[in-house]
Amino acid sequence: MGETYKSNRNVFYSCHYHVVWCPKYRRKVLIGPIETRLKEIIGQVCQECRAEIEELEIMPDHVHLLVDVDPQFGIHRLVKLIKGRSSRLLRQEFVALKRKLPSLWTNSYFVGTTGGTPLSNIKHYIEQQKHV
């Protein structure tokens, strides 16, 4: 099974990133309707930025995202947009979050390229997070 490539006007690429981030103080607030709404927001931002979600799993205290994004757009811009918009919208829609947290997300996040690892292995790892 061959690698599929995307292109913009200048570049052919295949840039898959595994991104992990968590709420401030690693609070377990990403549950129920908050989890559902967060998935919607991440999907909307990725669609607007033409980033393709390969896998997404939201744990109560962190998020795993496997995403294919244009290298000229940049993973850092995508993560900044996702975290910024989701923090603003979730704290507006779920006032309990405003009381519990001064800001929804920590300033930091993990990002790793998939390198030579088959995407199926990384997808499987993310899918299994809920069962660990």
Side-chain angles (χ1 to χ4, degrees):
M1 188 170 183
E3 181 73 34
T4 59
Y5 295 97
K6 293 183 180 175
S7 68
N8 59 31
R9 291 178 172 218
N10 306 323
V11 179
F12 280 89
Y13 64 90
S14 175
C15 295
H16 301 274
Y17 299 96
H18 179 197
V19 187
V20 182
W21 70 94
C22 58
K24 200 101 169 158
Y25 313 120
R26 196 87 189 235
R27 294 262 167 86
K28 297 181 183 209
V29 296
L30 307 177
I31 54 175
I34 295 172
E35 174 187 4
T36 303
R37 182 67 175 116
L38 178 57
K39 283 182 180 179
E40 292 171 2
I41 294 167
I42 292 171
Q44 290 168 352
V45 172
C46 287
Q47 185 177 16
E48 289 169 17
C49 299
R50 288 194 240 141
E52 184 179 335
I53 296 173
E54 303 283 344
E55 195 64 49
L56 172 63
E57 195 63 67
I58 299 175
M59 307 300 290
D61 64 347
H62 66 282
V63 177
H64 283 272
L65 172 65
L66 179 61
V67 65
D68 183 8
V69 64
D70 183 334
Q72 290 183 321
F73 184 79
I75 189 65
H76 64 286
R77 284 179 60 196
L78 180 67
V79 173
K80 182 178 178 181
L81 286 169
I82 289 171
K83 288 173 72 174
R85 186 179 303 174
S86 62
S87 178
R88 182 174 45 83
L89 292 177
L90 290 173
R91 293 175 80 238
Q92 282 174 356
E93 296 170 20
F94 302 94
V95 283
L97 289 176
K98 266 189 180 174
R99 288 191 307 268
K100 289 182 180 180
L101 299 167
S103 62
L104 181 58
W105 306 115
T106 62
N107 291 332
S108 59
Y109 60 93
F110 164 82
V111 64
T113 58
T114 59
T117 307
L119 285 178
S120 59
N121 290 5
I122 297 167
K123 285 181 183 182
H124 180 72
Y125 169 78
I126 293 172
E127 288 170 1
Q128 296 305 310
Q129 288 300 296
K130 287 255 191 205
H131 309 293
V132 175

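The structure displayed is predicted, hence computed values, not measured ones.
Note: Ile126 CD1 to Leu66 CG = 4.5 Å, rounded to the nearest 0.5 Å. Atom-to-atom distance recorded for Leu78:CG and Ile75:CD1 is 5.0 Å, nearest 0.5 angstrom. Taking CE of Met59 as the reference point, atom SG of Cys22 lies at 12.5 Å (rounded to 0.5 Å). Atoms CG and CG, from Asp70 and Asn10 in turn, are 9.0 Å apart once rounded to the nearest 0.5 Å. Annotation: the span from Phe110 atom CZ to Leu65 atom CG amounts to 12.0 Å, rounded to 0.5 Å. Taking OG from Ser87 and CD1 from Ile82, the interatomic distance works out to 13.0 Å, rounded to the nearest 0.5 Å.
Sequence neighbours left out, the pairs with a member in residues 38-47 that pass salt bridge (charged side-chain N to carboxylate O under 4.0 Å, His left out) are Glu35-Lys39, Arg37-Glu40.
Residues Pro23 and Trp105 form a side-chain contact, since some pair of their non-hydrogen atoms from C-beta on lies under 4.5 Å apart. Between Val63 and Leu56, some side-chain heavy-atom pair lies under the 4.5 Å cut-off. Under the 4.5 Å side-chain criterion, counting only non-hydrogen atoms from C-beta, Phe73 is not in contact with Arg50. The shortest side-chain heavy-atom distance between Val67 and Glu52 does not fall under the 4.5 Å cut-off. Between Tyr17 and Asp68 there is no side-chain heavy-atom pair separated by less than 4.5 Å. Here the side chains of Pro33 and Phe94 are in contact, with some heavy-atom distance below 4.5 Å. No side-chain heavy atom of Gln47 sits under 4.5 Å from any side-chain heavy atom of Gln44. Counting only heavy atoms from C-beta outward, the side chains of Leu90 and Leu38 approach each other to under 4.5 Å.
Looking at every heavy atom in both residues, Gln72 comes nearest to Arg77 through O-NH1, 4.4 Å.
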Point to revise | Verdict with reasoning, His64 to Glu55, per side-chain contact (heavy atoms from CB on, under 4.5 Å) | key: CA-CA 8 Å; His64 283 272; Glu55 195 64 49; over 6 Å; no
Practice item. Apply the test side-chain contact (heavy atoms from CB on, under 4.5 Å) to residues His62 and Gln129: give CA-CA distance (whole Å), side-chain angles for both, the deciding distance (0.1 Å), then the verdict. Key: CA-CA 10 Å; His62 66 282; Gln129 288 300 296; 4.3 Å; yes
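When hydrophobic clusters are built by joining Ile, Leu, Val, Met, Phe, Trp and Tyr residues whose side-chain heavy atoms come closer than 4.5 Å, directly or via intermediates, Val19 is not grouped with Tyr125. Following chains of ILVMFWY side-chain contacts shorter than 4.5 Å, one cannot reach Ile53 starting from Val20, and the two form parts of different hydrophobic clusters. Under the 4.5 Å side-chain heavy-atom criterion for Ile, Leu, Val, Met, Phe, Trp and Tyr, Val79 and Ile122 are members of distinct hydrophobic clusters. Hydrophobic clustering, with ILVMFWY side chains joined whenever heavy atoms are under 4.5 angstrom apart, groups Tyr25 together with Val29. Under a hydrophobic clustering in which Ile, Leu, Val, Met, Phe, Trp and Tyr are joined whenever their side-chain heavy atoms come within less than 4.5 Å, directly or via other members, Ile34 and Val45 fall into the same cluster.
The backbone N or O of Ser108 sits less than 3.5 Å from a side-chain atom of Lys83, completing a donor-acceptor pair. Judged purely by atom type and a 3.5 angstrom limit, Arg27 uses its side chain to pair as donor or acceptor with the backbone of Lys100. With hydrogens and angles disregarded, no donor-acceptor distance shorter than 3.5 Å links the side chain of Lys24 to the backbone of Asn107.
One finds a salt bridge joining Glu48 and Arg85 here, because a Lys/Arg side-chain nitrogen approaches an Asp/Glu carboxylate oxygen to under 4.0 Å.
Atom NZ of Lys98 has 12 or fewer heavy atoms from other residues, nucleotides or ligands within 6.0 Å.
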